Each structure stands twice: as C-alpha cells, then as structure tokens.
Amino acid sequence: MNLILFRVVVAASLGGFLFGFDLSVISGSTKALTDCFHLSDRGLGLTVSCAIWATAIGALVSGWIAERFGRLFGLRLASWFFVLSGIGCALAWNWGSLVAFRVAGGFAVGLSTVVCPMYIAEISPARLRGRLVLIFQTNIVVGILVAYVSNALLTPLNLGNEEWRWKLGAETLPALVFILALLGLPQSPRWLVKRNRTEEAREALAFVGEPDPMGRVDDILQTFASHPSEPLWQLKYHRPILISFALVFFNNMAGISAVMNYLNDTFQYAGFSKAAGDLGAVIVGGMNFLFTIVAMFLIDRLGRRTLLLIGAIGMIPSLLGMGAIFYLASHQNLLIWCLVSYIMFFAISQGAVIWVYISEIFPNRVRGRGEAVASFLSMVIGAAIALEYPVVRAHSVSFPFFFFSAMMLLQFWVVWRYFPETKGVTLEEIQHKLGITEEIPSAVFLKP
C-alpha cells in the first residue's frame, strides 16, 4: 500500500458513498412524501423504488460505457448525474419531477455500482485487492450512515412541508466533492491494454506503485490472447455467470432493500416515535459502518466464501426474531437488537463480499459486460422488493422477515456447494481457477 494508490482508491470509492446516501436518504422522508403527494402504498413503493429501477438501467449500460469510453469516464458521468439528482430533488415542483430526478440519481448509482469496483479491482495488486475494493463497500455504508444522521439532524429543525427537499437535496455537496476528487486519476491499466495503449498502462501501474509494471502488462496481454473482447454469453463463461447471478439473488433475498429503505417505517410500525426511529436508524447505520470496517480486515484473511457462510448463519435468527416480534406483537423493545444483529452479519458477509467477488470472477475480456449484467439483475430484484414491500407489509408485517430467513438458509447451502475462494489470487489466475479456457467445457452446470 502507498499513499497514491490509497488516494486513487478513495477517490473512486466516493461513488459508493453517493450510492449509499442516494438510496437511503429517502427513508427519512417517506411519511412527509406520503402526506405531501397523498401517496397510496403502491405510490410510496414506486416513489422509493423508482431510483432502484433506474440503477438497473445504469448498471445495464455501464458495461458498454466502461468498455467504450473507459472506467474513468464512467465515474465522471456518474458524478454529474448525482449533482443533477441532488439539485433537482431539492427543487422538484411536483411528484413527477421528483421521480424524474430520483431516476437520475438511480442511474448514477447503477453506473457507480459497476464501474467503481471494476476500476479499483483493475488497478489494485492481488494481495490488497479485496480490502481495496471493500473501501467502495465501506463508502456505501458511510453514505447510508451519513444519510441517516443527516435526516436525524434535520428533523428537529421543524422545516415543515419543505423538510423532504432539504433531506433529498443534501446529496449535492458530496456529489460536487466526487467531481473534484476524480481529477488526476489514472485510467484503468487493463482497459488501456485492451485498447493497445500498453505504454500508458505501464505508466498507470507505475503511478500506483506496481513494482514490475512491464511484467504485469505482459501478464494482462496474455489473458487477452488474440482478441481483447468477445461475447459474454458463451458456454465457457457459465460458471462466473451463474455464480454472480446466485450471489446477487441471495444478496437481495437477505432483505436488505426492504430493511434499509423502510427502516424508519419499521420502527414506527413497532410503536417507536419519529425521533426514536431516526435515532434507531442512526444506530443501525453506525453498526453497518463498524462491521464493514471489520470485514475489511477479514476479507483477505478468512476469504470471501467463508464470510458468506458466516453471514448466512448469523442473519437467520436475526430475521426470525424480527418476524416473531411483529407476528406476536410483543417484545418490541428487542427490535433494535435484532436489527443490529442482522446488519452486523450482513455487513461482514453479503455487504462486504458482493462487489469484491463480482469484480473478480469475470475474465478481463468480458469483465465489463459481466459486472453490468450481474448488477442489472441485482438492481431489478432490489427494485421489485422495494416496490412491493409496502403492499406485502400492509397484509402482514412479519411475513417478509420469515421469508428472508428461509432464503438465507438456502444461500448457505448454495455457497457451501458451489462458490470457489478467490482471496490472494490475481485476476488472471482466477480465470484459470474457474476452468475458463479457449475450449468450451463439457459440463453446463456449476462444479463444486
């Protein structure tokens, strides 16, 4: 590790901060928006989920943008869309304009979700890659925490009907910081090699402290062989495709979209006051941040697969506890403990691993498209959950938590059976570890 590499990674990871802030800040405005625009349960679900649907669009096109114009261009484009979203939400003149500017922010999140971890993974040395990509995830949870703190600080100011404008518009300041932080960053060396700009790639690697930039460029060149790019949908890529799909599916089936986007509502359903709900959200956000930091020290020691297994086991009783509290309508004072336990295990497993793992398992030739498709699927599932959760909750507050706990049991088995470990292995070596060669493998299904 050196200061230049750390500065580059932190600057790129600010996209993660805005990711967390953008998608979480609305949790403190759901009631105000419902009252202001007279929203039904479905209307509230659409208001919250519209940004997440837009992340799916951003993720889908991010692979093309990152491959065609470079990872750095994708980061800069996302930063300007974040600014547009913050200013637009603060000045929204009706519900339609609010949704439109929320969509702009969601599009930026989709770009960041793919391009930030891709850029960091491609510029990091193998032995540090896990914890450096995890800085992106750490910034996501910092953004979530800051969103909750911002909401809690604005609530006592009694801003009345204009409160939601201040809460949603607060995104503008960190978005401007993101724009400035990206100045002077080098382009991804692997993207430069793919574009036959090998000298620039060596300079980029040397800039971030690679001890043997010429040797590393030669290694990257070998993975591209005779052609730097090819279609993703080939049988030989079946393992990274299926593993990434399983990972994003279970990441959402952990219930994180429902829990975090409606966190303040969950406290109010349990009988907490608005101020107590804001404080509870800050506590949950703080624990999310704390245990993401813990994961940073564990991910390159215990490994990605081990953390996923630990997290699944830990989230099951936490989700069952939340379901039981609402089903029995008693012991509501235990809700905060269940939420803290849930977010702790999520942070050190799914939250920490997902973007690291996805950025690792796709080969250089198809990494942009692979990450884009996986992120698109993740955002679609998350948006669907955020859209339908208020409707399902109106019928049964407890059912979603019981369902999510069952999904975590299934995740444990899938990870145990099929997921390989990638810690401490170069991106090029992971390709060989997954059995990806020029020949099409005979098996169609995942190999344990």
Side-chain angles (χ1 to χ4, degrees), residues 20 23-24 27-28 48 137-138 140-145 147-148 247-272 276-295 298-299 306-354 378 381-382 385-386 389-390 392-393 396-412 415:
L23 296 186
S24 299
S27 66
V48 172
Q137 175 62 28
T138 303
I140 293 177
V141 299
V142 171
I144 293 171
L145 175 58
Y148 293 151
L247 183 60
V248 300
F249 174 79
F250 286 116
N251 180 264
N252 284 282
M253 289 300 108
I256 192 64
S257 180
V259 171
M260 300 306 280
N261 282 305
Y262 297 96
L263 188 55
N264 295 69
D265 286 0
T266 299
F267 281 112
Q268 291 181 34
Y269 265 80
F272 290 76
D278 285 338
L279 178 60
V282 171
I283 293 172
V284 172
M287 295 302 291
N288 192 14
F289 168 73
L290 176 62
F291 281 91
T292 300
I293 297 297
V294 172
L298 296 178
I299 194 166
T306 301
L307 290 181
L308 286 173
L309 294 172
I310 292 172
I313 290 297
M315 282 187 280
I316 290 171
S318 305
L319 289 163
L320 287 174
M322 286 186 273
I325 288 170
F326 287 111
Y327 182 77
L328 300 173
S330 64
H331 298 90
Q332 286 87 347
N333 60 305
L334 298 178
L335 177 63
I336 184 64
W337 299 106
C338 291
L339 281 166
V340 165
S341 173
Y342 165 81
I343 204 65
M344 176 184 76
F345 283 104
F346 180 87
I348 65 170
S349 61
Q350 287 279 7
V353 170
I354 179 170
S378 177
I381 299 172
I385 292 174
Y389 180 72
V392 176
R393 182 183 61 187
S396 172
V397 182
S398 60
F399 173 77
F401 299 108
F402 291 135
F403 174 77
F404 295 142
S405 66
M407 289 294 100
M408 290 302 92
L409 183 61
L410 178 59
Q411 179 204 283
F412 181 89
V415 172

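Source: prediction; values computed, not measured.
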S.K.: In the structure I gave you, are the side-chain heavy atoms of L410 and F250 within less than 4.5 Å of one another anywhere?
M.R.: yes

S.K.: Do you know which two heavy atoms are closest between Y262 and A386, and how far apart they sit?
M.R.: OH-O, 2.6 Å

S.K.: Restricting to side chain to side chain contact (heavy atoms under 4.5 Å, CB included), what partner residues turn up for V397, sequence neighbours left out?
M.R.: Y269, F326, R393

S.K.: Scan for side-chain hydrogen bond (donor to acceptor under 3.5 Å, both in side chains) pairs involving residues 334-344, sequence neighbours excluded, and state none if there are none.
M.R.: S318-S341

S.K.: Determine whether more than 12 heavy atoms belonging to other residues, nucleotides or ligands lie under 6.0 Å from atom OH of Y327.
M.R.: no

S.K.: Check side chain to side chain contact (heavy atoms under 4.5 Å, CB included) between L279 and all other residues, then give those that pass, not counting sequence neighbours.
M.R.: I283

S.K.: Which residues pass the side chain to side chain contact (heavy atoms under 4.5 Å, CB included) test with L339, not counting sequence neighbours?
M.R.: V259, L263, F267, V284, M322, L335

S.K.: So do N288 and L145 actually touch side chain to side chain, heavy atoms under 4.5 Å?
M.R.: no

S.K.: Looking at every heavy atom in both F291 and I348, which two are closest together, and how far apart are they?
M.R.: O-CG2, 3.3 Å

S.K.: Once side-chain hydrogen bond (donor to acceptor under 3.5 Å, both in side chains) is applied, do any residues pair with T306, and if so which ones, sequence neighbours excluded?
M.R.: none

S.K.: Listing request: all side-chain hydrogen bond (donor to acceptor under 3.5 Å, both in side chains) pairs with a residue in residues 249-260, at least two apart in sequence or in separate chains.
M.R.: N251-Q350, N252-S378, S257-N261

S.K.: Rounded to the nearest 0.5 Å, what separation is found between the CE atom of M315 and the CG atom of L409?
M.R.: 12.0 Å

